[in-house]
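Numbering starts at 1 and runs along the sequence shown.
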Amino acid sequence: MTEAAPPLRIVILGAGFGGLEAARALAHAPVEVTLVDRHNHHLFQPLLYQVATAALSPGDIAWPVRSIFRRQRNLRVVMAEVTGLDLAARCVRAGELDLPYDALVVATGATHSYFGRDDWAPVAPGLKAIEDATDIRRRLLLAFERAEITADAEERRRLLTFVVVGGGPTGVELAGAMVELARHAMPREFRRIDPAQARVVLIEAGPRILPTFPEELGEVARRSLERMGVQVLTGTRVTDCTPTGVQCGEERIAASTIVWAAGVVASPVGGWLGTERDRAGRVRVGPDLAVPGHAEVFAVGDLAAVTDAKGRPVPGNAPAAKQMGRYVGRLLAARAVGQAPPPPFAYRHHGDLATIGRRSAVVSLDGMRLTGLIGWLFWGVAHVWYLIGFRSRVVVSFEWLWSYLTFQRGARLITGREPAGGNATPMPGERQAAALGTRVAERLPAAAPRELPAPRRVAAGG
Ligand SMILES: Cc1cc2nc3c(=O)[nH]c(=O)nc-3n(C[C@H](O)[C@H](O)[C@H](O)COP(=O)(O)OP(=O)(O)OC[C@H]3O[C@@H](n4cnc5c(N)ncnc54)[C@H](O)[C@@H]3O)c2cc1C
């Protein structure tokens with residue numbers, strides 16, 4: 001009697017949009033799936049800016065990966081940071097953990113790029129993870145608190161100036177939500193400042209905002225933002241970000257809060273594949289999304305450089321990542337049962353959406369253009385539809401309805417600590433508390449240094 005072949009071991013790196021869809025497409029295949037992510041949750045990044053501006057709470061837009069896959073018996077979740085790949089031995093390294101595979105799906109996404117100026121990161125955080133959103137929320141809300149107590153008029157002006165760098169959809173959404181927070185969400189709450197006097201500046205190096213949208217929609221967005229009170233500066237390049245503001249050539253904008261929404265670079269895991277990448281670090285893949293020279297390794301989502309049937313680059317967005325993940329999942333499911341693979345990957349572009357603020361959004365959909373209230377309603381329904389689970393859909397819809405009716409923001413909590421190198425002046429007592437902490441620490445006996453295991457070098461891509 002011949003023994004049945006062991007099931008194909010498939011390791012998926014990243015539980016973002018691409019990784020999740022790949023895993024789901026393998027639900028009924030005779031395979032063993034291991035889904036690895038450094039976080040325990042899947043995050044709906046399109047609504048992250050609403051956490052950063054206190055409209056939603058983190059739990060409204062993120063879900064534990066284990067709970068999403070609790071019913072998928074052929075899948076196990078591993079929460080770990082991927083630290084290396086051994087393509088020759090077909091093994092993923094995640095710290096001390098080795099994860100052997102027969103097929104590998106790399107879906108570790110992208111992160112913000114400072115175009116070689118990573119030293120700007122502490123003063124101009126980008127928006128990618130929950131921690132980034134709550135950090136930006138803290139900076140924003142603290143700026144109002146500090147402005148309320150400072151006696152220095154110039155410092156007050158600086159504290160109430162917020163700069164968003166990058167006029168893509170994330171920058172536009174952030175700037176709109178910030179000005180709404182300042183002008184509508186906290187009336188009558190402060191005694192010495194008027195939050196409505198806050199200045200929000202959106203800076204874009206290119207000639208127009210929303211460059212991936214049709215030109216007329218970019219113009220609609222610009223006019224809407226300006227009506228709301230956002231100062232839009234196009235054709236303006238940021239040359240320096242410091243704790244006290246941004247420099248744009250000769251012009252200096254004194255600001256307390258700077259948010260970076262300007263550039264994107266693929267996750268470093270792509271570099272460990274050792275194959276050709278584009279300027280943004282994305283891995284060039286074949287028509288079946290396999291990495292050249294490795295028919296068993298696939299790259300999907302923001303990490304992959306893919307072109308559509310007309311030779312145009314597939315955009316780095318959630319629908320593209322989902323389509324790629326689903327495609328590779330189906331391909332591997334077919335491979336597991338010896339079926340013919342599906343035809344080459346073909347991307348379907350559904351449209352572009354960006355919200356600007358209350359009753360204002362721009363939507364470009366298969367030749368159809370929606371703006372204003374209709375666009376905003378469409379944007380809202382589309383985003384609620386793609387949230388995971390009934391609870392999130394109800395909670396987010398309720399939060400939106402509530403803020404629409406009352407202008408209030410439900411998640412205005414200042415949490416966490418000021419990171420080193422941030423741009424904030426300390427709150428009263430902070431300096432004394434820090435000094436006291438140092439003095440107490442000086443008096444305490446120093447803790448014995450812990451023996452740490454020597455770091456193991458992993459030959460990336462080896
Ligand atoms: C603020 C923001 C707003 C956006 N708005 C929109 C929008 O409105 N519409 C739209 O279509 N798209 C939007 N996008 C883009 C969209 O979110 C991405 O295109 C999409 O998330 C890409 O999916 P992905 O699976 O490739 O990567 P991701 O969804 O980023 O997932 C990557 C996963 O890999 C994990 N990971 C990374 N490195 C490691 C490692 N070394 N070890 C373990 N795990 C790792 C991460 O934790 C993450 O869970 C937005 C993105 C951002 C940041």
Do [X] and [Y] come within less than 4.5 Å of each other through their side chains, counting heavy atoms only?
X	Y	value
M186	L141	yes
R139	P125	yes
E276	P292	no
P46	F17	yes
V163	V238	no
F298	M324	no
V269	L85	yes
L387	W63	yes

Checklist outcome for this item: So the ring-ring contact (aromatic ring centres under 6.0 Å, His included) pairs with at least one residue in residues 203-238 (sequence neighbours excluded) are none

Treating [X] as the side-chain partner and [Y] as the backbone partner, does any N or O pair qualify as donor plus acceptor under 3.5 Å?
X	Y	value
T53	A55	no
E173	T355	yes
E251	T236	no
R70	S67	yes
T150	R146	no
K322	L20	no
T239	Q247	yes
R71	I68	no
Y49	L127	no
R412	A185	yes

Checklist entry - Of D132, V264, V265, which is the lone residue that meets side-chain contact (heavy atoms from CB on, under 4.5 Å) with H112? => result D132

Next on the checklist: Would V82 and V106 count as a side chain to side chain contact (heavy atoms under 4.5 Å, CB included) here? Give the steps.
Outcome noted: CA-CA 10 Å; V82 176; V106 188; over 6 Å; no

[atom1]-[atom2] distance between [X] and [Y], expressed to the nearest 0.5 angstrom:
X	Y	atom1	atom2	answer
R38	M79	CZ	CE	10.5 Å
W120	T242	CH2	OG1	10.5 Å
Q50	R137	CD	CZ	13.0 Å
I136	L174	CD1	CG	6.5 Å
R358	S403	CZ	OG	8.0 Å
L401	T406	CG	OG1	9.0 Å

So, are [X] and [Y] salt-bridged, with charged N and O less than 4.0 Å apart?
X	Y	answer
E204	R222	no
E154	R158	no
E216	R369	yes

Strictly by modelled atom types, are [X] and [Y] linked by a side-chain donor-acceptor pair under 3.5 Å?
X	Y	value
S360	R223	no
R252	T244	yes
R199	Q231	yes

Next on the checklist: Checking V11 against V36 for the side chain to side chain contact (heavy atoms under 4.5 Å, CB included) test, could you report, in this order, the C-alpha distance in whole Å, the side-chain angles of both residues, the deciding distance, and whether it holds?
Outcome noted: CA-CA 7 Å; V11 174; V36 189; 4.1 Å; yes

Next on the checklist: Before we go on, tell me: are the rings of Y347 and Y327 under 6.0 Å apart, centre to centre?
Outcome noted: no

Looking at [X] and [Y], what are the two nearest heavy atoms and their distance?
X	Y	answer
A299	V291	N-CG2, 4.2 Å
R208	E215	NH1-CA, 3.4 Å
L47	H383	CD2-CD2, 4.0 Å
A143	L159	CB-O, 3.4 Å
W260	C241	CZ3-SG, 4.3 Å
L181	R409	N-NH2, 3.5 Å

Around atom [atom1] of [X], are there more than 12 heavy atoms of other residues, nucleotides or ligands at under 6.0 Å?
X	atom1	result
R359	CZ	no
R330	CZ	no
L413	CG	yes

Next on the checklist: Applying salt bridge (Lys or Arg N to Asp or Glu O under 4.0 Å) to R117 and D240, what does each step give before you reach the verdict?
Outcome noted: CA-CA 9 Å; R117 291 301 307 263; D240 201 10; 3.8 Å; yes

Item to check | Candidate pair V92 and T34, rule side chain to side chain contact (heavy atoms under 4.5 Å, CB included), full reasoning | outcome: CA-CA 11 Å; V92 171; T34 304; over 6 Å; no

Checklist entry - Can you check side chain to side chain contact (heavy atoms under 4.5 Å, CB included) on D278 and R284, steps first, answer last? => result CA-CA 7 Å; D278 69 5; R284 292 198 197 279; 3.4 Å; yes

